[in-house]
Structures are given as structure tokens and as C-alpha cells.
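Scroll down for the structure; my scribbles are underneath it.
Being a predicted model, the structure only gives us computed values, none of them experimental.
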2 protein chains.
Amino acid sequence: MSLKHAILAVLSHGDRTGYDLVHKMDGSVANFWPASHQQVYLELKKLDELGFVQYREKEQKSRPDKKVYKITKTGIGELKSWAEEPLVIATPKDELMIKIFAGHLLEPKHLANELHRVRELHQSKLDEYLAIEKTRFQGKLTPDRLAQYLTLRRGILFEKSWIEWCNESLKRL
Amino acid sequence: MSLKHAILAVLSHGDRTGYDLVHKMDGSVANFWPASHQQVYLELKKLDELGFVQYREKEQKSRPDKKVYKITKTGIGELKSWAEEPLVIATPKDELMIKIFAGHLLEPKHLANELHRVRELHQSKLDEYLAIEKTRFQGKLTPDRLAQYLTLRRGILFEKSWIEWCNESLKRL
DNA sequence: CGCCCCATGTAAGCAGTTACATGATTAC
DNA sequence: GTAATCATGTAACTGCTTACATGGGGCG
């Protein structure tokens, strides 16, 4: 399971609340390991029981209290030994490809409209990533920032490959 | 859920046994919706109960008997109306990106070795796809074959984007 | 007055994985 | 003889989704 390790990886870059983990993650883990708030709070609880994280309650006036989570030494150890294991590549699931595979049953026009729409969605995601690259990853990077940048670059190349595929597919239809 | 529809999509291209669905799917659905044999047999059972597929038992000498599944008219209807719904893009889960995100905790050399290894895995997948393209998708294609070809092209562009990412990441490390 | 943001949780159910189970034939 | 291929299933468990639940503050 990887949500546990995704959370530990984020916490290795700095302390966060459950709410932060779910939301403020632009250009970060949310783009390659999405999770609902329910799932995140559940995993934080488990990680706490395992001793991989600790939290301190922080009272706030005019806002609900919150729990700020911090990764422990044991947590860092666990994350490191997990990250060192050789990766087994999992083929990603892709619903659109199933629809395309069934595309011979549909109106070509309907399919083309859908491809246009999907292309625009990927284009705006790409624009978003490029903006982050421009504003937040210029010049020399520390190892910590480089790790984050590499994941952003993956997002950029991924979105580009989608846009390219949409374009060539539209030509072939 | 999509495994049901993945199976229906394959059956819309021709009759198959459960065994076929799990195995002989090179350049097909297995590359974007992998499933274990247990899962496939279970879904076939459910699809049968729903009336979306039918099977005839086929006795074989010197081989175990098998069930050849065929999509029904109701099944085609279900597949079509599902495929016509606008797609909601799901961000794919990617374990490697979590490891990269935690990369600042690892030896740079270890990370580089891992990236080399991953690149080779994607390269061989790409070679496989390119071979299929060359041998099986030359010349003018029927709508049915075109649908299959587009999914293959997606695989090709996907693997290329991985190789490119590995190369640029290795330079940055 | 209603909607969005902040902030955290429980419970039921479904999709998918891992483990267990069987058995004949063919190829080396 | 032993490994791989063909062929189909059940049972237990885990990860994740969907639905339900609460409640104050700020903004228009």
C-alpha cells in the first residue's frame, strides 16, 4: 500500500495537518496519489498508532482546532527502506482507453467532441504545471526542492503526451 | 466501475473465454486495465447474471472444457450508453513519483540506478508496442481496427514520455 | 440568508489483491 | 520428472469510495 508512504513522503518535506494534506498540495503528491479526506484522516490515525508520525494539537481562535502532524525518526526509517526497494511498475488504469476501445460502436462525431474536450482538460492542467515551474522552480535547487521538481516535470511530460495523442487521434478519425 | 465495461469492450470485438480475456490481449485492454484471472471470472459471472453476456460451454479433447462468452444486445446497449457519458479524468496513481518525492532521503547513486532500470523497462515495453504497430496496423483500418490502434498509439506515446522523463531526470541528478 | 472555507471524523459497501484449490496435456 | 500451458473457480482481506455527521467564521 502506498497512501501511507505518500503521506510520509509529504511529511518528510515539512509538518502538515490532515487538511493541508488533502488540499494545499499543488504541484505535489495530490497529482500522482489522490486521496479523499476520509482516507487521509484514517491513514494518519494508523500512522500514529504505528509510531511513524506524531501530532500536537494546536488551538485556534475563530477557526477549529487542528492537529499538526510530524514524521518521527521511525517514520523516516520506514519511508527510506520502502523507497529503496526496487519499483515494480504497475500499468496504470485508464478509463478513456476503454471508451476508445469501444469507439467503433459510437458516432465518430461524438468521439471527436469528447477528444476535443479531453484535450482542453489536459491543456489547462499543463498550463497550471508550467506556471508552477516558472514561478517556483527557477535557478539552482536544493536536493529537497529537486525531488519536488522532478515530480512536476513528470506531470508536464505526461500532459504533453496526452495532448499529442489527442491531436493525432483527431486526425485519424 | 470499469472492469465490467472493459470486458464488454473486448467482447464487442469478438467472442472470448475468461482465459483469453486474462491472457491473449497484447496491444489490448490488459495494457490499460489489468485484472487478475480471479477478478475476470468473477465479473464474467456477474455480467452473465445481469444479462450483458452469454456463454456456451465448449467441450475439448485433451484440454479442459471452456466457456466462450459473447456480448448480448443488452450488453452492447449498456456498453454504448456508458461509453457515451462524458469522461471524468482520474489522476493516475504513480508509486515511482512518491519514491522520487522522498528522493532527498536517498543516495543519489541509488536513485540514478533505479532510473536507469525503470527506463529500460519502459524501453522494452515501447519496443513491444512498436513491433505490434509494424506487424498488425499497417495500411487502411476498419473502424473496429482503428479503435484498437488508437489505444496502441496511446501506449506508445505514454512509454516515450517516460523514457524522456528518465533521461532528463538523470541529467538533473 | 445561503454558500464557501476551515477542520475532523464514523460507517457501510464495493473493487481489487492474495491465498487457496484442482487437474489434464504438452514440451523439454 | 518437472515445468509450462490451458482452464476455472472460492474465500479472506485490504484499500478506497460514498454516504453520513458536526460546527464556527467570513463573504456577498
Side-chain angles (χ1 to χ4, degrees), chain A residues 1-8 15-26 29-30 32-50 52-69 82 88-95 98, chain B residues 1-8 10-11 15-26 29-30 32-50 52-69 82 88-95 98:
Chain A
M1 208 252 307
S2 286
L3 180 54
K4 271 192 184 65
H5 298 107
I7 291 174
L8 289 177
D15 298 355
R16 300 277 190 282
T17 65
Y19 190 89
D20 291 338
L21 286 166
V22 179
H23 299 274
K24 305 183 181 168
M25 299 202 124
D26 29 305
V29 160
F32 44 83
W33 209 278
S36 62
H37 82 271
Q38 292 92 330
Q39 189 67 12
V40 169
Y41 287 122
L42 207 80
E43 291 299 335
L44 282 171
K45 201 176 158 188
K46 287 183 194 166
L47 285 169
D48 182 42
E49 282 161 15
L50 289 165
F52 296 155
V53 302
Q54 276 175 353
Y55 66 91
R56 58 193 162 79
E57 217 119 356
K58 198 175 171 184
E59 281 168 51
Q60 294 186 113
K61 36 186 177 182
S62 88
R63 281 282 162 229
D65 293 359
K66 58 183 175 183
K67 296 179 178 175
V68 181
Y69 285 85
W82 171 82
V88 178
I89 294 181
T91 56
K93 300 194 174 182
D94 190 335
E95 202 171 304
I98 302 177
Chain B
M1 206 254 306
S2 285
L3 179 54
K4 271 193 184 63
H5 298 107
I7 291 174
L8 289 177
V10 175
L11 292 181
D15 299 355
R16 300 276 192 281
T17 65
Y19 191 89
D20 291 338
L21 286 166
V22 179
H23 299 272
K24 306 185 182 164
M25 299 202 122
D26 29 305
V29 159
F32 45 85
W33 209 277
S36 62
H37 82 270
Q38 293 92 330
Q39 189 68 11
V40 168
Y41 286 121
L42 208 80
E43 291 299 334
L44 282 171
K45 200 177 158 187
K46 287 182 193 165
L47 285 168
D48 181 41
E49 282 162 14
L50 289 164
F52 295 155
V53 302
Q54 275 175 355
Y55 66 90
R56 57 193 162 80
E57 218 118 358
K58 199 175 170 184
E59 283 167 48
Q60 295 186 115
K61 35 186 176 179
S62 89
R63 281 283 161 225
D65 292 0
K66 58 184 176 182
K67 297 178 178 176
V68 181
Y69 286 85
W82 171 82
V88 178
I89 294 181
T91 57
K93 302 196 171 179
D94 190 336
E95 203 171 304
I98 302 177

Rounded to whole angstrom units, what separation is found between the CG atom of A:Leu44 and the P atom of C:dT8? 9 Å

Are the side chains of [X] and [Y] in touch, meaning some heavy atoms are under 4.5 Å apart?
| X | Y | value |
| --- | --- | --- |
| A:Lys46 | A:Leu42 | yes |
| A:Leu44 | A:Leu21 | yes |
| B:Tyr41 | B:Lys67 | no |
| A:Lys58 | A:Thr17 | no |

OP1, OP2 of [N] versus side-chain N and O of [X]: anything below 4.0 Å?
| X | N | value |
| --- | --- | --- |
| A:Lys45 | C:dT8 | no |
| B:Tyr19 | D:dC6 | yes |
| B:Trp33 | C:dG16 | yes |
| A:Tyr41 | C:dG9 | no |

Ignoring the backbone of B:Gln38, work out which of D:dT8, C:dC20, C:dG9 is nearest its side chain. C:dC20

Pick the nucleotide of DNA chain C nearest each of A:Lys66 and A:Leu42; which residue has the one closer to the 5' end? A:Lys66

With a 3.5 Å cut-off and just heavy-atom distances, do the side chain of B:His37 and the base of D:dT8 make a donor-acceptor pair? yes

Using heavy-atom distances to pick each residue's nearest nucleotide on DNA chain D, tell me which of B:Val68 and B:Lys93 is more 5'. B:Val68

